[in-house]
Amino acid sequence: MTVSSVVGNATASRGLEVAVANLQEYCNELENRLLTRFDAASQRRELSTMAECAKILSQFNRGTSAMQHYVGLRPMFDPEIMIADTRLVLGDQGSQPSPSNVARGLASLYKEITDTVRKEAATITAVFPSPNDVMSILVQRILEDRIPKLLEKLLVKPSLVNPPPMEEGGLLLYLRMLAVAYEKTQELSRDLRGVGCGDLDVEGLTESLFLPHKDIYIEYEQASLRQLYKAKMEELRAESQQSSESTGTIGRTKGASITSSHQQISVTVVTEFVRWNEEAISRCTLFSLQPATLAANVKAVFTCLLDQVSLYITDGLERSRDSLTEAAALRERFVLGTSVSRRVAAAAASAQAEAAAAAGESSFRSFMVAVQRCASSVAIVQQYFANSISRLLLPVDGAHAASCEEMATAMSSAEGAAYKGLQQCIETVMAEVERLLSAEQKTTDYRSPDDGIAPDHRPTNACTRVVAYLSRVLEAAFTALDGLNKQAFLTELGNRLQKGLLNHWQKFTFNPSGGLRLKRDITEYGEFVRSFNAPSVDEKFELLGIMANVFIVAPESLSTLFEGTPSIRKDAQRFIQLREDFKSAKLAARLSSLWPSSS
C-alpha cells in the first residue's frame, strides 16, 4: 500500500509539471501572437486594436513585455537617428565645435526629443492600461541609451598631465562643453518630467550621466585657470619682447628709456583674471548642488585668482624696482667715473649726471604708476570677493574668515615689494636732491661779501631747483599713493629731506646776511613740505627756522635764543660753529659757560 501510494504521487507530480510546462508554452505562444498583432496594428496606427492587445498582454507579467517591446521599436532609438544626433550637435566630422554651436545643437535636438515624447505620450495614454509605466520605460531608455551615446562623443575628458593646447581651446573648451551639456540636459530632464514619466527619478538619472565628469571637476577648473594664466604671461612677454626689439636700445645710455623694456602692471589684465574666475564660479554654482560642496569649490577657484593676482602684481613691482636699481647703478657710475682732464671730467660728469637724473626720475614715475595699478588691482579683487564670493562661503563655518586671511596673505608679497620699491624711490629722490644741492649751492650764497648791505630776500638757486624738482617728481607720488601708504612715504621722505639739508648746510660758513638767506630757503622748503600733511615733518622744519637765527643774532644774544626749545640745543651748537665769527668772537668758550651740560 505504501509503495503504490508513493508511485502514484510521483506520477501525479510529473503530470502536473507537464501541464504547467504546456500551459507556459501556450501562454508564450499566445503572448507572441498578441505582440505580432500589436506590431501590425501599430504600423497601421489602429489604436483600438493596439489597446485591445495591450489589455490582454497586461495579464502576462503585468504587461512588461508589451511595454518594453513597444518602446524598443520606437524610431527614436534607431542607430541612424543617434548618428544624426552627433552630427547635429558636433557638426561635420573633423570640424572644431564651439560651445555656442553645441548649445544650439543640443537645444534643437532636445526639443525634438521632447516633442517626440509628447506625441508618444498621447499614443501611450490611448493604448496602454498603465500609461505611466510605459512613459517611465520610454524616458529611462532615452536617458540610459540615446543621451549617453551623444555625451560620450561630446565630452571627451582631456588629460591633465598633457592638456590640449590653448590653440585648440585648452581645458577651458572641455569645461565650457561640459557646462553647456549639463545645463541643456537638465532642461531636457525638466521638460520630460513635465510631459510625464511616472515614478521615474529623472533628476537622479540625469545627474548620474555627469558623475564621471563632476567627481574631479574642480581639478580641471584649477588646471584650466593655471593654463590660462601661463598663456597670458607668454603673450605679454612676447609683446614686451617685440616692443623692446622695435624700439631698440637707442637712448638707453641717457637714461630716458630705462624702463621701456619693462612690462608695466595692467589693470586690464587683472580684470581679465577676474573674468576667468567669474566664469569658473558660475560653473561651480551650476555643478555643486550642496552648499558645502559649492563653498569648497568656490574657495578653491578663488584661491587660484589670489595666486594669479599676487604673482602678477608682485612680478610687476619687482620689474619696476629693477628700473630703480638700474638708475642707482647709473648714479654710481657717475660718482665713480674718472677722466683724463678736468675739462673732460667736467663734461663727462655733467652728461652722466643728467643721464642719472633722467633715469632716476623715469624709474620713480614708473614705480609710482606700478604702485597705483597694484592698489587698483587689489581693490578690484576685494570688490569681487565682496560682491560674488563671500555669500557663497557663508554656509560653511570659518570659510569666509579663512578666505579673508588667505587674501591678506596673498597680497603680502606685493606689499613687501611695494615697500622696498618705495624705499628705493626715497633713495632716488634724495640722491637727486643731494646732486642739485652740491652742483647749485655756492659758498657766497650764505657768506655774501656784501654783508650789511640790503640783503637778498630770494631763495638761493639751489633751493629753487630742489623745490622745483620735488614738486615735479612727487606729483606722481601724490597721484599714486593714498591713505596710510601716502602718509608713511611722505613722512619718511620729509624726515630724510630735513636730515639731508642739515648735513648739507654743515659744509658752509654763514654771516648774518647769509643767515637771512638761509631762513628764506628754510621757509621755502617748509612751505613745500606742508603739502605732505605730516605734522612731525612740519615741526622739524619750523625748528630749522628757529636754529637759523643763530647766524643772525649778536653773540651776546645766543644764550636766550633757545630758552623755549631746549631740545634743539645740540643741533644749534653745531650751527653756531658755522658762524663766520665763531673763532673771532670766542663763541666756543661762551657756549661752554652757557650750556655746560652740552659741552
Side-chain angles (χ1 to χ4, degrees), residues 80-115 142-143 146-191 206-207 209-236 238 268-269 271-288 297 301 304-305 308:
E80 291 299 320
I81 295 291
M82 296 190 186
I83 292 171
D85 290 349
T86 304
R87 194 161 49 247
L88 173 64
V89 174
L90 293 177
D92 295 331
Q93 191 172 8
S95 64
Q96 178 73 32
S98 69
S100 57
N101 289 340
V102 167
R104 282 192 292 271
L106 284 174
S108 175
L109 173 63
Y110 286 173
K111 182 181 184 302
E112 179 188 319
I113 289 174
T114 304
D115 290 343
I142 291 169
L143 294 177
R146 188 168 178 181
I147 303 303
K149 282 185 170 61
L150 172 64
L151 294 180
E152 185 180 338
K153 297 278 187 6
L154 176 61
L155 301 176
V156 179
K157 195 182 294 183
S159 167
L160 286 174
V161 179
N162 296 303
M166 290 303 298
E167 294 77 18
E168 297 175 12
L171 294 171
L172 182 60
L173 179 61
Y174 161 72
L175 289 167
R176 284 175 171 172
M177 292 293 197
L178 179 60
V180 164
Y182 183 79
E183 200 165 16
K184 293 299 179 185
T185 309
Q186 288 283 356
E187 289 175 10
L188 172 66
S189 169
R190 289 191 290 272
D191 290 342
T206 305
E207 278 297 311
L209 296 175
F210 293 91
L211 281 180
H213 299 276
K214 289 175 65 177
D215 281 348
I216 57 169
Y217 148 72
I218 199 63
E219 293 179 30
Y220 278 87
E221 202 70 81
Q222 290 170 304
S224 172
L225 289 169
R226 288 193 294 268
Q227 187 183 37
L228 285 166
Y229 180 82
K230 182 181 178 182
K232 188 65 182 180
M233 293 304 103
E234 289 172 355
E235 176 192 327
L236 293 175
T268 304
V269 171
T271 304
E272 192 172 354
F273 296 164
V274 173
R275 193 165 62 248
W276 299 341
N277 210 261
E278 282 177 323
E279 183 181 332
I281 293 295
S282 71
R283 286 190 288 269
C284 286
T285 306
L286 180 65
F287 295 137
S288 308
N297 287 344
V301 168
C304 288
L305 174 65
Q308 290 172 352

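Counting begins at 1 with the first residue of the sequence.
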Note: Glu235-Lys232 ion pair, threshold 4.0 Å (strictly below): yes
Side chains of [X] and [Y]: does their closest heavy-atom pair fall under 4.5 Å?
X      : Y      : result
Ile113 : Ile147 : yes
Val180 : Met177 : no
Asp191 : Lys111 : no
Ser108 : Leu88  : yes
Val269 : Phe273 : yes
Phe287 : Leu178 : yes
Thr185 : Tyr110 : yes
Tyr220 : Pro158 : yes

We want to know whether [X] and [Y] form a side-chain donor-acceptor pair, criterion being a heavy-atom distance below 3.5 angstrom.
X      : Y      : value
Glu207 : Tyr182 : yes
Asn101 : Ser98  : yes
His213 : Tyr174 : yes

Check whether Gln227 reaches the backbone of Leu171 with its side chain - one donor and one acceptor, N or O, closer than 3.5 Å. yes
Flag, side chain of Lys157 to backbone of Pro212, donor-acceptor distance under 3.5 Å: yes
Applying side chain to side chain contact (heavy atoms under 4.5 Å, CB included), run through Leu188 and Leu109 and close with a yes or a no. CA-CA 10 Å; Leu188 172 66; Leu109 173 63; over 6 Å; no
Tell me, yes or no, whether the heavy-atom count around Lys153 atom NZ, taken from other residues, nucleotides or ligands under 6.0 Å, exceeds 12. no
Does a sphere of radius 6.0 Å around NZ in Lys230 hold more than 12 heavy atoms from other residues, nucleotides or ligands, not counting ones at 6.0 Å or beyond? no
Between the CG atom in Leu154 and the CG atom in Asp85, the distance rounded to the nearest 0.5 Å is 11.5 Å
Pair listing, salt bridge (Lys or Arg N to Asp or Glu O under 4.0 Å) test, anchored in residues 165-187, at least two apart: Arg176-Glu279, Lys184-Glu187
